[in-house]
Asker: 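Here it is: the structure, laid out below.
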Number of protein chains: 2
Amino acid sequence: MAPRRDVARRTPLSRERVLEAAVGLADREGIEALTMRRLAQELGVEAMSLYHHVPNKEAILDGVAEVVLTQVNDAVDQLDAQVAQEGWQAAMRRRVLTAREVMLRHPWAPQVLETRTTMSLPVIGYFDGVLGVLLAGGFSYDLAHHALHALGSRALGFTQELFEPDDHEVGEAEAMAVLEQVADRFPSLAGMMAAVSHDPADPTLGWCDDQREFEFGLDVILDGLERRRRAG
Amino acid sequence: MAPRRDVARRTPLSRERVLEAAVGLADREGIEALTMRRLAQELGVEAMSLYHHVPNKEAILDGVAEVVLTQVNDAVDQLDAQVAQEGWQAAMRRRVLTAREVMLRHPWAPQVLETRTTMSLPVIGYFDGVLGVLLAGGFSYDLAHHALHALGSRALGFTQELFEPDDHEVGEAEAMAVLEQVADRFPSLAGMMAAVSHDPADPTLGWCDDQREFEFGLDVILDGLERRRRAG
DNA sequence: ACCTGAACACCGTTCAAGT
DNA sequence: ACCTGAACACCGTTCAAGT
């Protein structure tokens, strides 16, 4: 009837097309917009049609997690890790920051990844690569195992910040307001906020540069691991 | 009519009673069981009655996060931190592991905390205490600020494990099965799993002791921070 | 003031029916 | 084989009505 629908129907649905659309929808409108009905609409189809390509919504979430992790793997595979030449720390740093670049394009991904209970092949593959860097760097299996745990989600380029809401500007303004109200009850935080200056020349609007803080935390862990490696 | 309802109604509803019931419900049946209708039923009341004590469900989630953080604060306040005598690392370690004990009683709490966008007073209070330990330990405001970011959720005693599903035994058995199937594609992981032995004398059933791994990661970070503090 | 029942606008999902 | 519409069992929430 409506020609647009016929056009959309020309390419038949498939698991891949469903997941691609799901990732795009989550990127554009947030993960809460990813409903069966909304996703179907995006594909010019009825909600029930999705069930022919995917068993249920949980499988869609598993799928989008896989898509993102595959993008991460594609990105890190471009890196020619020369651990022997540059050292494992530099190789790991580059790998993690590359993963982070991909993750930043999908702000909803950490939330989804953390709720997946089954290990997908792309996740296994990614951590196999991380582990490979450690082993090439001279880690024992045992220490490398601890290292994986110590890195945790940071290996994939993200940390869950408890202090930073989605909208940083609004969030920080709110935080400031709350803190000012109760400065006397929280002397350490009040002192820190007074002392840590907002550099007006700094391009970051807030007082925390996410990328710098991420790299600081990562380097603290990498250095600590290297010291333990050397200690045997 | 039914006497049970009258008994339940004797103590009138209040925000506190609602939140207490919500925490209990989440503890017993998981966070997904925490719905307005189910929570009301728990309190012997209609779902709509909850709206007289709480503006909406989001506020209930904010509230349960506050309850948990208040429990954490109560627990760490029992600790008499003698930073000067034992050093900041020991004080911090004790504080974080105490917070962890509370968090382990509410396995759903990390998930909820991470989705809160507004900083509640108990969270501010907790981090003020963490910061206090750092400052007493000789950290500059600037380095202490970085340290808060580096610790992240670990300061509250939890990390989001990407490899560990809710049911560890089932999860690990599944993981083993998957890995065995594809061992040739993931040589590093396959090697590690062969090398890192399951000690039969070890009380932990799986091959990762969560508590040990958490403490390892925490110590890596604390050591790294101490080195940076000493470096000035 | 506090609680209720019916209703509304959403979910994910089942099922029988269409092509 | 693939897609659909109606329907079901759930959500959170609004509103008018009860006490």
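The shown structure was predicted, so the numbers you read here are calculated from the model rather than taken from an experiment. A, B, ... follow the sequence lines: proteins, then strands. Residue 1 opens every chain. All heavy atoms count here, side chains included; hydrogens, waters and symmetry mates do not.
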Asker: Counting only side-chain heavy atoms from C-beta out, which of C:dG12, D:dT4, D:dC15 sits nearest to A:Met48?
Answerer: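 That would be D:dT4.
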
Asker: Can you tell me the pairing partner of C:dG12 across any strand shown, Watson-Crick or G-U wobble, with both distances under 3.5 angstrom?
Answerer: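 Paired with C:dG12, as far as the under-3.5 Å criterion goes, is D:dC8.
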
Asker: Taking only the side-chain heavy atoms of A:Val45 (C-beta and beyond), determine which of C:dT13, D:dT4, C:dG5 contains the nearest atom.
Answerer: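 From the listed options, D:dT4 comes nearest.
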
Asker: Hey, does the side chain of B:Tyr51 come within less than 4.0 Å of D:dT14's phosphate (OP1/OP2), counting only N and O?
Answerer: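 It does not, given that no N or O in the side chain of B:Tyr51 lies less than 4.0 Å from OP1 or OP2 of D:dT14.
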
Asker: Expressed as a whole number of angstroms, how long is the span from A:Ile31:CD1 to C:dC11:P?
Answerer: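 About 14 Å, once rounded to whole Å.
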
Asker: Given that B:Pro55 and A:Arg37 both sit by DNA chain D, which one's nearest nucleotide is further toward the 5' end?
Answerer: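 Closest to the 5' end, via its nearest nucleotide, is A:Arg37.
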
Asker: Distance check needed: C:dG5 P versus B:Leu50 CG, whole Å only.
Answerer: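 So the two atoms are 14 Å apart, to the nearest Å.
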
Asker: Round to the nearest Å and state the distance from A:Arg15 atom CZ to D:dC2 atom P.
Answerer: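 A:Arg15 atom CZ is separated from D:dC2 atom P by 15 Å.
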
Asker: Side chain to side chain donor-acceptor pair (under 3.5 Å) for B:His106 and B:Gln71? Distances and angles first, verdict last.
Answerer: CA-CA 11 Å; B:His106 310 292; B:Gln71 288 178 10; 2.7 Å; yes

Asker: Going through the checks in order, is the salt bridge (charged side-chain N to carboxylate O under 4.0 Å, His left out) test met by A:Arg38 and A:Glu42?
Answerer: CA-CA 6 Å; A:Arg38 184 78 186 72; A:Glu42 207 76 0; 2.6 Å; yes

Asker: To the nearest angstrom, how far is A:Leu43 atom CG from D:dT4 atom P?
Answerer: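 From A:Leu43 CG to D:dT4 P: 11 Å.
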
Asker: Inspect the contact between B:Arg37 and B:Glu46 and indicate whether a charged nitrogen and a carboxylate oxygen are less than 4.0 angstrom apart.
Answerer: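 Looking at B:Glu46 and B:Arg37, the cut-off is not met.
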
Asker: Write down the distance between NZ (A:Lys57) and P (D:dC10), rounded to a whole number of angstrom.
Answerer: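 That distance rounds to 18 Å.
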
Asker: From the list D:dG5, C:dT13, C:dC3, which nucleotide is the closest neighbour of the side chain of B:His53?
Answerer: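 Nucleotide nearest to B:His53's side chain: C:dC3.
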
Asker: Rounded to the Å, how far apart are B:Leu39 CG and D:dC10 P?
Answerer: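 One finds 17 Å between P of D:dC10 and CG of B:Leu39, rounded.
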
Asker: What is the distance, to the nearest angstrom, from the CG atom on A:Leu61 to the C1' atom on C:dG12?
Answerer: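 A:Leu61 atom CG is separated from C:dG12 atom C1' by 12 Å.
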
Asker: Could you tell me whether the side chain of B:His52 has a donor or acceptor atom within less than 3.5 Å of a complementary atom in the base of C:dC2?
Answerer: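 Result: no qualifying N/O pair found.
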
Asker: Output yes when at least one side-chain N/O atom of A:Ser49 is less than 4.0 Å from OP1 or OP2 of D:dC2, else no.
Answerer: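 Result: no.
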
Asker: Would you mind telling me which of D:dG12, C:dC3, C:dT13 lies closest to the side-chain atoms of B:Leu13?
Answerer: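 Nearest to the side chain of B:Leu13 among the choices is C:dC3.
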
Asker: Provide, to the nearest angstrom, the distance between the CD atom belonging to A:Glu32 and the P atom belonging to C:dG12.
Answerer: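 Result: 12 Å.
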
Asker: Decide whether a cation-pi geometry holds between A:Arg100 and A:Phe214; the criteria are a distance under 6.0 Å from NZ or CZ to the six-membered ring centre and an angle within 45° of the ring axis.
Answerer: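 Geometry flag: set, cation within 6.0 Å and 45°.
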
Asker: Among the nucleotides D:dG5, C:dG12, C:dC3, which one has an atom lying closest to any side-chain atom of A:Glu46?
Answerer: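 Of D:dG5, C:dG12, C:dC3, D:dG5 is nearest to the side chain of A:Glu46.
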
Asker: Scan B:Val72, B:Asp74, B:Val68 and name whichever one has a side chain to side chain contact (heavy atoms under 4.5 Å, CB included) with B:Thr70.
Answerer: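 Answer to the side chain to side chain contact (heavy atoms under 4.5 Å, CB included) test with B:Thr70 among B:Val72, B:Asp74, B:Val68: B:Asp74.
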
